[in-house]
Structures are given as structure tokens and as C-alpha cells.
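Following: one structure in C-alpha cells, then a few remarks.
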2 protein chains.
Amino acid sequence: MVARKRVSPPGLRVVNLGTLDDAIGFHLRRAQDASFRAFASSAGRHDLKPGHFAALLVIVNNPGIGQGALGQAISRDKSSVTPIIQTLFNRGLIDRQTSAFDRRRIQLSITTSGRALLRRLVPHVRAHDRKLDTIAGADKPVLLRALRRIANEIS
Amino acid sequence: MVARKRVSPPGLRVVNLGTLDDAIGFHLRRAQDASFRAFASSAGRHDLKPGHFAALLVIVNNPGIGQGALGQAISRDKSSVTPIIQTLFNRGLIDRQTSAFDRRRIQLSITTSGRALLRRLVPHVRAHDRKLDTIAGADKPVLLRALRRIANEIS
DNA sequence: TATTGTTATACTCTATAACTATA
DNA sequence: TATAGTTATAGAGTATAACAATA
């Protein structure tokens, strides 16, 4: 009697996750991972990664914002913000203007071409958001509330 | 009249996140990020990172599991599983045994010392889980349901 | 002295592709 | 030919620390 495909390890078809299956952190990672990949393969294919997109959105919504505040908004260190800003600037998507009040500060704003890219991207981003919204369905408000709390309150 | 601290950019104290504030993906990333850091600085300080811990948990719950199936369980490529397994093995936390049925397959199982580490770690992990559970409160079932759906259904 | 942003650097996590050995 | 696991390698993404300019 020959050992056949799949027969070898007895009863291992379904992986038992144990307590992991009840751990919010574990599912948080899987969901974030899946969502990130899905975003990257739709909007990301169109030349703007999630991080860059988020930064651009913050800038368009907060013209004149500095890199420190931007970093806080997207929860990144200022040293992580620098390369993002450089990319956006090199592509002509944003402007940098030294503040007249404080010459250490650089005021960020979106350019016409940045707006154009955003417009071009919005449908894809919307599609991604809608996918998530559809999946979350009526759970969305509760989901967002829980996620916000986790991000803000955990220590 | 001298320009004083914080006065320069008019009205920028609070960052306006715009549509980002309504995007599940954005909050997913922030929550996952915060949760990961919190875990790393409690249980992680005790020598096992989230990824390694998750792998060890899957192994303890599925003795004899192979690296492919393990990777599927934690949503990682087999090439990402290899270094995790090596670390766990080098620390004597798991055993690898070639399957008698299929000598390509390596059956993973936890060692006594792996169990001991797990026991030692459980309080910290529990504390982290409890923190998340407390924050999620009554929202937890809905949160988990939404996270599972996102991980499984998004494309 | 403190703060804004940059640079240099390094670390973690991950995947792709090519490989070995088995099947 | 196909599959389990390894290796080599590369690329994102991020942070820490030291720095320059300015406050």
C-alpha cells in the first residue's frame, strides 16, 4: 500500500489556530495585510503607494502643513516623512515653501499636477474603499470606532 | 509684534484628514501598527516577536504541521517561514522531523523548552490581548467578524 | 537650548526566483 | 513534472542618531 498525496500527516487539512483565532492583534495584521495588497494592486499600479497617497491626501486637506505635523497625522517619524516628501516633490505633485514666520518650517501644498493625479486616482481608491465598505457592511461604524480606539489608546 | 511659537501657520493645530478619516484601510494600518508596537514592547521584550510567537502557537496547536501549511495559516510565503523556523529551532523551541510518509516534508512540533517559553510568555500575551479586548469592549465580536471578512474576502 | 527637517545608516519583514531533494 | 523546503537576493518601510539651520 502506497502512501498517497495528502494522506501522510493524519488530519491536518484544517489548521487549528487555537487562541490565536480569538486574538484581535492577529486578525488585525491579516486584515491590514490583505487590504494593503489589494490597494497596492489597484491604485498602487497607478504610481502611488498607500503611504504616498495618504501623505498627499493630508497635504491637500491641510495646505501649508509641515512635515512634523504630517508625520503625526500618518503616525510616522519625521525621518520617514522626508523621503515621501522628496518623492512627491520630485514628481511635481507638491510644492515646498519656506514659512515666512519660521524659516525652519517648510509649508507643503499640492500642485495642479498633484490635484490631477489625485483626481485620476480617486476612482481606484474609491473602488478599494467601497470594497472594504461592502465587506464591512453595517459593521463599519463599529469597526472604525474600534480601530480608532485601538490606535489611540493602546500603550 | 513678533511671530510667536505656533502662530505661524494659521489654524493648523488639528490636522484635517479629509476622506482619509473615513477610510477603513487607513485606520486598519494605524491600529495594526499601534498594536504591533505594544506587543513588541511587552511580550517582545521577552525574546519572541509577534511573527515568531504566532508561528509557535500554530505549531503547538497543530503538531506535525509542515512549513507550507504553517505559512498559509499565518499568511506568509514558505520562503518567509524558513527563517522563522530556523530561529525557533536554533533556540530549541521546536523540533523538526522528516515525515516517514513523504521525506520532503518536515513535521514541526514544540519542544519542552518551547512549551516553557510559551508558558512564561502567556501572561504578557494575555495582558496584551486583554488590553485590546478592553479597548474593543462590546465591539469585539463585530470587530473580529469584520477583520476576518476583510482578510478573507478582499481581492 | 529647543525645534524643523535632512542625512547616514541599519534593521525588520517580506517576496521572487532558482535550487535540491524528493515524489 | 510537481511539491516541500532552502538559499540568494532585493526591495519596501521604518526608525535612531547625529547634524545644519533657525528659533
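For a distance-only test at 3.5 Å, the side chain of B/Arg104 qualifies as a donor-acceptor partner of the base of D/dT3.
Between B/Arg96 and D/dT6, a side-chain N or O to OP1/OP2 separation shorter than 4.0 Å is present. Taking only side-chain nitrogens and oxygens, A/Ser79 never comes nearer than 4.0 Å to OP1 or OP2 of C/dT6. Between A/Thr82 and C/dG5, a side-chain N or O to OP1/OP2 separation shorter than 4.0 Å is absent. Put simply, A/Arg76 has a side-chain N or O that comes within less than 4.0 Å of OP1 or OP2 on D/dT14. Residue B/Arg37 places at least one side-chain N or O closer than 4.0 Å to OP1 or OP2 of D/dA15. Contact annotation: B/Ser80 side-chain N/O to C/dA15 OP1/OP2 distance is under 4.0 Å. The side chain of B/Gln86 places an N or O atom within less than 4.0 Å of a non-bridging phosphate oxygen (OP1 or OP2) of D/dT7.
Residue order along DNA chain D, read from the 5' end via each residue's closest nucleotide, puts A/Phe36 first among A/Phe36 and A/Lys78. Across the interface with DNA chain D, nearest-nucleotide mapping of A/Arg103 and A/Ser75 shows A/Ser75 to be the residue nearer the 5′ end. For the pair A/Arg29 and A/Pro83, both in contact range of DNA chain C, the more 5′-proximal nearest nucleotide belongs to A/Pro83.
Between the CG atom of B/Leu108 and the P atom of D/dG5 there is a distance of 7 Å, rounded to whole Å. Note: CD (B/Gln72) to C1' (D/dG5) measures 14 Å, nearest angstrom. One atom, CD1 of A/Ile65, and another, P of C/dT4, lie 12 Å apart when rounded to the nearest Å. When rounded to the nearest whole Å, the span between CG of A/Asp77 and P of C/dT9 equals 18 Å. Between B/Ile74 atom CD1 and C/dT14 atom P the separation is 8 Å, expressed in whole Å. Rounded to whole Å, the distance from CD on B/Gln32 to P on C/dT12 is 17 Å. Distance CD1 (A/Ile106) to P (C/dT3): 18 Å, rounded to an integer number of Å. Atoms NE2 (A/His52) and P (D/dT14) sit 9 Å apart, rounded to a whole Å.
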task = Please assess B/Lys140 against B/Asp129 for the test salt bridge (Lys or Arg N to Asp or Glu O under 4.0 Å), listing each intermediate value before the final yes or no.
result = CA-CA 11 Å; B/Lys140 180 174 179 184; B/Asp129 285 354; over 6 Å; no
message = Before you tell me yes or no, could you show the steps for A/Arg76 and B/Asp33 under salt bridge (Lys or Arg N to Asp or Glu O under 4.0 Å), namely the whole-Å CA-CA distance, both residues' side-chain angles and the distance that decides it to 0.1 Å?
response = CA-CA 10 Å; A/Arg76 292 293 156 242; B/Asp33 203 59; 3.3 Å; yes
query = What's the verdict on side chain to side chain donor-acceptor pair (under 3.5 Å) for A/Arg30 and B/Ser75, showing C-alpha distance, side-chain angles and the deciding distance?
reply = CA-CA 7 Å; A/Arg30 295 214 321 130; B/Ser75 308; 3.3 Å; yes
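Ion pairing of B/Arg148 with A/Asp21 is present here, as a side-chain N (NZ or NE/NH1/NH2) and a carboxylate O approach within less than 4.0 Å.
At least one cation-pi condition fails for B/Arg29 and A/Phe36: the charged atom is not both under 6.0 angstrom from the six-membered ring centre and inside a 45 degree cone around its axis.
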